[in-house]
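The basis for the numbers below is simple: all heavy atoms, side chains too, and nothing from hydrogens, waters or symmetry mates. Below, chain A is the first sequence line, B the second, and so on; all start at residue 1.
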Amino acid sequence: MKLLKDAAYTLGLPVLLILLWWIGTLGGSNFYVPTPAQLAQTFVDTWFSPRLWEDILPSLGRLFAGLAAAIVFGVGIGVFIGSFRTVRRVLEPLLEFFRAVPPPVLVPLFMLIFGLNDQMRVFVIAFGSVWPILLNTIEGVRGTDEVMRDTASSYRITRVQRLAYLIVPAAGPKILTGVRQSLSIALILMVISEMFGSSSGLGFLISYFQRSFAIPEMWSGILLLGLIGFALSVVFRLIERRILRWYHGLREVQREG
Amino acid sequence: MTPEPSGAAARPLLVVEHLKKVYPTATGGVEAVRDLHFSVPEGQLVCIVGPSGAGKTTLLKCIAGLLPITSGRIELLGEAITAPPKAMAVVFQEYGRSLFPWMSVEANVELPLKSAGVSKPERRAAAADALHAVGLDDAGGKYPWQLSGGMQQRVAIARALAYKPKVLIMDEPFAAVDAQTRADLEDLIRVIWKQLGVTILFVTHDIDESVYLGERVVVLSNSPTVVQDDVVIDLPAERDQLTTRSHPQFAALRSHIYEQIQRAKHNRGTETASTPTVLRRH
């Protein structure tokens with residue numbers, strides 16, 4: 001019963017909108033707006049084909065490679081910067097500046113520097129999505145509880161173990177907030193990096209369909225991107241729930257108390 | 001009347017000599033501790049009381065090697081303390097901020113041992129023993145925040161015990177728990193102290209608690225801190241929440257320390273006690 005109710009809440013609005021869309025496209029045949037049935041058919045025809053492994057999977061591969069690099073560097077450098085007050089104070093304004101620069105404008109620049117290849121695209125994704133992770137990690141490390149630090153010192157916890165068992169877990173909630181912000185940036189950059197000088201990938205295909213007036217195919221690509229973004233955030237939520245089980249439990253206890 | 005232990009056998013374990021601590025500020029510095037002077041022989045349970053703001057926490061952090069001292073000397077086992085010593089464990093008042101909430105109770109207790117390079121089966125056993133000693137045999141797999149405040153402080157005590165320190169420093173450990181839990185924890189400290197023979201430095205602002213727990217109570221003055229009084233607690237070793245607290249000597253000691261604290265509130269930085277005070281039995 002509860003499951004049904006949840007499903008009704010989740011699917012209610014999308015179903016209603018599709019219904020409206022269906023009614024709206026009943027009579028006419030607008031060149032730019034396909035009917036729901038047309039779009040579904042096009043979606044299957046376009047993407048359940050060799051494009052799945054020739055375009056979608058490589059795109060997703062670059063997305064995850066870029067994200068992984070952003071997480072590794074963001075957390076690694078963030079822990080370092082966050083641990084030293086002087087380093088933090090010197091670097092923070094600069095980092096805020098880099099964060100403020102919209103990453104898509106750097107794509108042409110990186111193309112010139114690295115050439116038109118996969119490494120460039122991965123680099124663009126990593127470079128654009130590293131900032132929220134980096135800045136949040138610095139913030140989280142800085143906010144590590146004083147008493148916990150004193151506890152670790154008084155028990156002579158070694159430097160490496162202090163990182164693994166105190167600093168990184170304590171910054172965990174902040175780090176994952178940063179990763180969540182990075183997900184959408186990474187997806188945007190995945191698409192944009194493929195729109196320039198590329199001959200494969202989701203971003204390439206969508207702009208190719210646009211240029212060749214394959215309107216239903218273009219819409220199906222946009223639909224696919226939306227679904228990928230949605231799936232990413234669902235998977236991320238599951239992972240986050242798991243990693244931060246202690247955090248959500250603690251918060252719940254504090255709210256009750 | 002128990003005389004102060006003396007001679008070679010009772011060489012002080014912990015010595016605080018002319019301790020001075022000034023916090024640097026823009027306007028030249030705040031003197032928290034002026035000239036503290038006392039020593040603790042091995043195996044003693046000493047309580048430190050003082051009016052609020054007496055620099056108790058500053059003193060403890062200095063002793064624990066967490067805070068650099070301005071001048072003077074703190075010595076443990078004959079060696080000056082400049083960093084947290086191996087033979088010392090600290091139990092903080094804020095158990096909720098001292099236990100790591102992302103680790104199970106067991107992992108919290110084991111972490112200091114893991115860092116010290118103790119093998120896995122050994123630290124498992126040590127953690128189980130320590131949790132047993134504080135009466136938490138079944139809590140090992142839980143997260144600290146799933147336990148009540150009193151139980152969390154027991155976990156912090158277990159972590160300290162598993163570390164097998166020579167000196168256990170406790171900074172107002174029971175200030176944040178309810179009265180009944182507090183009485184239980186006080187008795188637990190007495191039992192642990194007797195069973196393990198560990199030296200305990202117990203800081204509290206509660207006069208009754210200091211008399212009930214201690215073999216000796218050091219009264220601190222208001223900040224900048226000096227030793228206001230040093231009182232021998234000559235109550236029977238076997239203590240009990242009912243009989244000990246209604247003992248006439250308990251009342252006498254309590255009112256003596258109460259008076260000292262009242263005087264301490266107005267006394268800033270002039271030492272009055274040089275030898276331990278021993279109250280006459282009524």
Side-chain angles (χ1 to χ4, degrees), chain A residues 75 78-79 82-83 85-86 89 136-137 139-179 239-257, chain B residues 57 60-68 81 83-105 107-118 142-149 152 155-156 159-165 167-171 176:
Chain A
V75 173
V79 165
S83 302
R85 189 185 306 171
T86 320
R89 285 177 63 183
N136 272 287
T137 305
E139 187 66 28
V141 169
R142 178 171 52 188
T144 305
D145 193 285
E146 200 69 34
V147 178
M148 288 186 190
R149 286 176 189 274
D150 276 351
T151 303
S153 302
S154 72
Y155 284 109
R156 298 155 60 101
I157 308 290
T158 58
R159 203 169 266 274
V160 174
Q161 293 196 324
R162 205 176 295 201
L163 277 181
Y165 297 115
L166 172 62
I167 307 289
V168 173
K174 283 264 175 204
I175 293 174
L176 286 175
T177 304
V179 173
I239 296 173
E240 192 251 20
R241 282 268 146 194
R242 182 149 187 85
I243 297 179
L244 294 184
R245 208 156 65 95
W246 66 269
Y247 180 69
H248 297 296
L250 178 64
R251 288 260 304 256
E252 216 164 280
V253 171
Q254 282 170 345
R255 269 198 301 272
E256 281 163 14
Chain B
T57 300
L60 271 203
K61 282 196 166 183
C62 290
I63 293 177
L66 294 169
L67 208 57
I81 292 175
K86 196 173 171 9
M88 186 183 281
V90 184
V91 174
F92 294 90
Q93 181 188 333
E94 305 97 329
Y95 48 81
R97 292 167 58 197
S98 168
L99 298 170
F100 296 171
W102 44 85
M103 286 181 173
S104 70
V105 163
N108 264 288
V109 175
E110 281 183 36
L111 182 61
L113 304 178
K114 194 173 184 173
S115 198
V118 178
K142 291 196 171 133
Y143 283 114
W145 41 267
Q146 291 174 313
L147 307 175
S148 69
Q152 288 183 46
V155 175
R159 177 174 61 185
L161 295 182
Y163 195 60
K164 297 200 169 52
V167 190
L168 182 56
I169 309 266
M170 307 186 87
D171 183 11

Participant: Go through B:Glu94, B:Lys86, B:Lys114, B:Arg97 and name the one with the most non-hydrogen pairs under 4.5 angstrom from chain A.
Facilitator: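 The answer is B:Arg97.
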Participant: Checking heavy atoms, do the side chain of A:Asp145, its backbone, both or neither come under 4.5 Å from chain B?
Facilitator: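 It is the side chain, since no backbone atom gets that close.
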Participant: Any ion pair linking A:Arg142 and A:Glu139 (charged N to carboxylate O, less than 4.0 Å)?
Facilitator: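 A salt bridge is present here (some side-chain N lies under 4.0 Å from a carboxylate O).
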Participant: Please look at B:Pro85 and chain A and tell me whether the side chain, the backbone, both or neither of the residue comes under 4.5 angstrom of a heavy atom of that chain.
Facilitator: backbone
Participant: Before giving the answer on salt bridge (charged side-chain N to carboxylate O under 4.0 Å, His left out), spell out for B:Asp171 and B:Lys61 the whole-Å C-alpha distance, their side-chain angles and the decisive distance to 0.1 Å.
Facilitator: CA-CA 9 Å; B:Asp171 183 11; B:Lys61 282 196 166 183; over 6 Å; no
Participant: Evaluate the criterion side-chain contact (heavy atoms from CB on, under 4.5 Å) for residue pair A:Ile167 and A:Arg149; output intermediate values, then yes/no.
Facilitator: CA-CA 9 Å; A:Ile167 307 289; A:Arg149 286 176 189 274; 4.2 Å; yes
Participant: By a 4.5 Å heavy-atom criterion (distance strictly below it), what part of B:Met88 contacts chain A: side chain, backbone, both, or neither?
Facilitator: backbone
Participant: Report which part of B:Ala160 has an atom under 4.5 Å of a heavy atom belonging to chain A: side chain, backbone, both, or neither.
Facilitator: both
Participant: Using a 3.5 Å distance criterion without hydrogens, assess whether the side chain of A:Ser83 forms a donor-acceptor pair with backbone atoms of A:Val79.
Facilitator: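 Confirmed, A:Ser83 side chain pairs with A:Val79 backbone.
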Participant: Of all heavy-atom pairs between B:Phe92 and A:Ser154, which one has the smallest distance, and what is that distance?
Facilitator: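 B:Phe92 and A:Ser154 have their closest heavy atoms at CE1-OG, 4.1 Å.
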Participant: Given a strict heavy-atom distance threshold of 4.5 Å, which part of B:Leu66 is in contact with chain A: side chain, backbone, both, or neither?
Facilitator: side chain
Participant: Between B:Arg159 and B:Tyr163, does any side-chain donor sit less than 3.5 Å from a side-chain acceptor?
Facilitator: no
Participant: Heavy-atom distance under 4.5 Å to chain A: side chain of B:Leu113, backbone, both or neither?
Facilitator: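 B:Leu113 has no heavy atom closer than 4.5 Å to chain A.
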Participant: Examine distances only and state if a side-chain atom of B:Trp145 and a backbone atom of A:Leu250 form a donor-acceptor pair shorter than 3.5 Å.
Facilitator: no
Participant: Listed by residue number, which members of residues 159-166 of chain A have a heavy atom under 4.5 Å from any heavy atom of chain B?
Facilitator: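 Result: A:Gln161, A:Tyr165, A:Leu166.
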Participant: Assess the residue pair A:Ile175 and A:Asn136 against the criterion (side-chain contact (heavy atoms from CB on, under 4.5 Å)); give the C-alpha distance rounded to whole Å, side-chain angles, the decisive distance to 0.1 Å, and a yes or no.
Facilitator: CA-CA 6 Å; A:Ile175 293 174; A:Asn136 272 287; 5.9 Å; no
Participant: Answer yes or no: is there a donor N or O on one side and an acceptor on the other, between the side chain of B:Ser115 and the main chain of B:Leu111, under 3.5 Å?
Facilitator: no
